[in-house]
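No hydrogens, no waters, no symmetry mates; every other heavy atom, side chains included, goes into these values.
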Amino acid sequence: MSKTKKIWIVILVSLIVIASSATFILSTSTNVIRTSYQLPNTEIDKKPWKEIMYSNTLIDEFKVLNTGSVKVPLEGMLNTGKLRDNHKLKDYLWVDVFAFLFHHQEKGWFMIDSGLDSTFQGNGNINGLLADNYIIASKQRKGQNIASQLRREGKKVNGIFFTHLHGDHTAGLPELDPSIPKYVGKGEKTLDIPLLYRSNHFTNGSKLMELDWSKGVTKPPFKKVMDIFGDGSLLGIHTPGHSKGHMSYLLMSPNGPVLLTGDVSHTRYGFENNIEPGWVDNRTAAENSLNQVVKFHQMFPKVHIIYGHER
């Protein structure tokens with residue numbers, strides 16, 4: 001199909017969608033039940049960072065699960081307006097899609113993000129007329145999908161924390177037990193436009209517990225930090241911009257603290273050059289969130305950083 005023809009099809013479908021009744025739009029949306037997660041009492045605002053990061057041993061295992069890779073436009077990964085003319089980056093990038101698995105001595109096994117399911121050995125499970133403008137192609141080896149890796153690990157997951165709800169971070173859900181508790185930053189939404197873009201991987205009746213960042217504490221350089229388990233082992237950091245409810249996580253692993261930026265910074269290049277993503281919900285917020293994360297790394301350069309789509 002020619003590009004011109006495709007554009008006209010998209011325009012026509014868009015007009016149909018706009019003209020459709022609210023009933024039609026609601027009928028295509030998944031009914032997700034949202035409740036507020038009760039944050040435990042915490043004293044992290046009274047403790048220095050080094051005490052929090054280096055005196056906690058409750059998380060005794062941490063693993064990065066690479067579930068495949070996707071080909072995406074450079075303009076999505078980085079604000080190209082801030083790139084130098086001689087940057088030498090390609091117009092399209094292959095980036096990894098991770099799920100993070102960790103064990104808490106008292107609470108069990110948890111994941112951060114869900115990785116990709118086995119459909120990404122083909123075209124994946126993000127659909128719609130606009131879908132291939134965002135994910136051009138995907139690569140995944142047999143057995144690399146999230147369910148296969150969890151089976152090999154032999155772990156029962158007690159909950160999944162999400163950095164955000166974009167499709168490439170929720171795409172493992174269709175092959176996981178739907179009863180696994182799920183946690184997300186307050187106000188975070190799925191991107192679900194009838195016929196044009198479908199990346200909602202939740203089933204009807206799915207329950208999402210929202211991490212209310214407004215009840216977090218100020219812990220410079222971060223504006224809002226949540227002590228998720230109340231013991232300093234896992235901190236949720238409100239880092240909006242790429243999406244409204246975006247969360248980064250600071251996890252105290254047995255090998256030292258690990259900062260998972262999520263899509264505050266997709267790549268090392270963006271992080272080291274202080275360039276926020278191209279695809280953002282709010283650019284000013286995205287810049288501010290990246291500045292906070294970069295400042296934290298400057299304060300504590302030994303903290304291990306894992307970017308949203310690159311180790």
Side-chain angles (χ1 to χ4, degrees), residues 42 44-57 59 62-64 66 76-80 82-84 87 89 93 95-100 102 112-113 161-164 169 185 211 213 216-228 232-243 245-311:
T42 182
I44 60 168
D45 55 328
K46 301 175 184 177
K47 297 179 180 179
W49 273 115
K50 287 189 177 180
E51 181 181 345
I52 297 169
M53 294 190 292
Y54 295 103
S55 63
N56 194 305
T57 58
I59 292 178
F62 170 72
K63 300 184 178 187
V64 180
N66 187 329
M77 297 296 98
L78 295 165
N79 179 0
T80 54
K82 292 184 178 180
L83 292 175
R84 296 187 298 269
H87 60 76
L89 295 171
L93 304 175
V95 297
D96 294 326
V97 181
F98 304 118
F100 306 97
F102 68 91
I112 297 175
D113 288 339
F161 293 91
F162 289 96
T163 57
H164 60 302
H169 292 257
L211 303 168
W213 45 266
V217 300
T218 299
K219 190 74 180 169
F222 300 121
K223 295 180 179 179
K224 290 295 180 181
V225 177
M226 289 158 278
D227 187 354
I228 292 174
S233 63
L234 178 68
L235 304 184
I237 305 163
H238 184 227
T239 48
H242 179 65
S243 65
H246 189 283
M247 300 284 296
S248 301
Y249 293 93
L250 181 63
L251 180 147
M252 315 314 164
S253 85
N255 295 318
V258 179
L259 178 61
L260 308 174
T261 71
D263 285 359
V264 168
S265 182
H266 295 87
T267 63
R268 178 186 296 273
Y269 187 98
F271 188 85
E272 292 182 347
N273 291 278
N274 206 20
I275 301 175
E276 80 283 359
W279 293 331
V280 294
D281 175 70
N282 182 302
R283 189 156 304 282
T284 299
E287 292 173 334
N288 290 338
S289 291
L290 179 57
N291 287 337
Q292 290 177 53
V293 173
V294 169
K295 177 64 175 178
F296 180 80
H297 182 57
Q298 292 170 346
M299 293 167 61
F300 305 104
K302 292 185 179 180
V303 172
H304 182 48
I305 306 289
I306 300 179
Y307 316 102
H309 292 281
E310 185 179 6
R311 293 186 69 177

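- Side-chain atoms of I52 and K219, non-hydrogen and from C-beta on, do get closer than 4.5 Å to each other.
- Proximity of F222 to H238: side-chain heavy atoms (C-beta onward) are nowhere separated by under 4.5 Å.
- Under the side-chain contact (heavy atoms from CB on, under 4.5 Å) test applied with I275, the options E287, K82, M77 reduce to a single match, K82.
- Smallest separation of non-hydrogen atoms from D263 and G308: OD1-CA, 3.6 Å.
- Between the side chain of T163 and the main chain of S248, no donor-acceptor pair closer than 3.5 Å is present.
- What you find for G270 and S265 is that their closest heavy atoms are C-OG, 3.7 Å.
- Of all non-hydrogen atoms in K224 and W213, the two that sit nearest each other are CD-O, 3.3 Å.
- One finds the CZ atom of F100 at 5.0 Å from the CG atom of L260 (value rounded to the nearest 0.5 Å).
- The structure places CD1 of I112 at 12.5 Å from NE2 of H169, a figure rounded to the nearest 0.5 Å.
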query: Passes side-chain hydrogen bond (donor to acceptor under 3.5 Å, both in side chains), H304 versus N255? Steps please.
result: CA-CA 9 Å; H304 182 48; N255 295 318; over 6 Å; no
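- Checking H87 against N273 by side-chain atom types alone, no donor-acceptor pair falls below 3.5 Å.
- Contact check for H309 versus V97: side-chain heavy atoms found under the 4.5 Å cut-off.
- Between atom CG of residue L250 and atom CD1 of residue I305 there is a gap of 8.5 Å, rounded to the nearest 0.5 Å.
- Two residues are said to be in side-chain contact when any heavy atoms from C-beta on lie closer than 4.5 Å; V264 and H246 meet this criterion.
- In this structure, the side chain of D281 does not engage the main chain of P240 through any donor-acceptor pair within 3.5 Å.
- Put simply, the side chain of H266 does not reach to within 4.5 Å of the side chain of E310, judged on heavy atoms.
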- request: I would like to know whether L259 and I306 meet side-chain contact (heavy atoms from CB on, under 4.5 Å); could you show each step before the answer?
  value: CA-CA 6 Å; L259 178 61; I306 300 179; over 6 Å; no
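- Of all heavy-atom pairs spanning R283 and G278, the tightest one is NH2-O, 2.7 Å.
- Looking only at side-chain heavy atoms (C-beta outward), V293 and T239 come within less than 4.5 Å of each other.
- Of the candidates L78, T284, L290, N288, L290 is the only one forming a side-chain contact (heavy atoms from CB on, under 4.5 Å) with E276.
- Put simply, the side chain of I228 reaches to within 4.5 Å of the side chain of Y249, judged on heavy atoms.
- In this structure, the side chains of M247 and F162 stay at 4.5 Å or more apart for every pair of heavy atoms.
- Summarising the geometry of P221 relative to K295, their closest heavy-atom pair is CB-CG, 3.6 Å, with the distance given to 0.1 Å.
- Listed here is the closest heavy atom pair of Y54 and P257: CE2-CD, 3.5 Å.
- Residue Y307 forms a ring pair (Phe, Tyr, Trp, His ring centres under 6.0 Å) with just one option from F98, Y269, F271, and that option is F271.
- From R268, atom CZ reaches atom OG1 of T261 across 11.0 Å, with rounding to the nearest 0.5 Å.
- Taking the six-membered ring where tryptophan is involved, the planes of H242 and H164 are perpendicular, since the angle between them exceeds 60° and thus also 30°.
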